[in-house]
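Report on the following structure.
FYI, side chains are in, hydrogens and waters are out, and symmetry mates aren't considered; it's all heavy atoms of this structure.
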Amino acid sequence: MQANVGQFDRVVRLVLALVILGAYFVLGEDTRRWALLGLIPLATALAGWDPLYSILGIDTRRLDLH
């Protein structure tokens, strides 16, 4: 597993994950479980690796501004 998620991409994923996971507390009981999908961008942000990016050959690390 080689990292393929750049710093900016990781921050965007983290913010998105927190928003989606926060919806867990706002949604009704029957739709609440959908907010758990926020765990996916959270996991990829923390790991710095996205399996879909690997399949598609995408690497956003080279897009980071230095």
Side-chain angles (χ1 to χ4, degrees):
M1 265 184 359
Q2 183 180 2
N4 60 3
V5 179
Q7 191 67 30
F8 179 75
D9 196 358
R10 290 175 84 167
V11 170
V12 170
R13 287 168 188 257
L14 185 60
V15 170
L16 180 64
L18 294 176
V19 168
I20 295 171
L21 289 170
Y24 180 86
F25 301 102
V26 178
L27 295 173
E29 231 176 280
D30 54 338
T31 56
R32 187 173 284 173
R33 67 178 170 261
W34 288 102
L36 296 177
L37 289 173
L39 293 172
I40 296 169
L42 178 64
T44 58
L46 294 176
W49 178 76
D50 186 327
L52 185 59
Y53 277 14
S54 291
I55 292 169
L56 298 175
I58 298 171
D59 186 350
T60 59
R61 291 177 304 151
R62 62 177 172 251
L63 300 177
D64 286 339
L65 300 175
H66 296 289

Rounded distance [0.5 Å steps], CG in Leu18 versus CG in Leu42: 7.0 Å
Same apolar cluster (I L V M F W Y, side chains within < 4.5 Å links), Val5/Leu56: yes
Pairs involving residues 33-43, ordered by first then second residue, that meet side chain to side chain donor-acceptor pair (under 3.5 Å) (sequence neighbours left out): none
Shortest non-hydrogen contact from Leu52 toward Asp50: N-OD1, 2.8 Å
Path from Phe25 to Leu36 over hydrophobic side-chain contacts below 4.5 Å: yes
Set of residues satisfying side chain to side chain contact (heavy atoms under 4.5 Å, CB included) with respect to Ala23, sequence neighbours excluded: Leu27, Ala35
Thr44/Tyr53 under side-chain contact (heavy atoms from CB on, under 4.5 Å): CA gap, chis, key distance, verdict: CA-CA 10 Å; Thr44 58; Tyr53 277 14; over 6 Å; no
Listed partners of Asn4 passing side chain to side chain donor-acceptor pair (under 3.5 Å), at least two apart: Ser54
Under 3.5 Å: donor-acceptor pair, side chain of Arg10, backbone of Leu46: yes
Verify same cluster id: Leu16, Tyr24 (apolar side-chain graph, 4.5 Å): no
Non-hydrogen atoms of Gly38 and Ala17 that approach each other most closely: O-CB, 3.4 Å
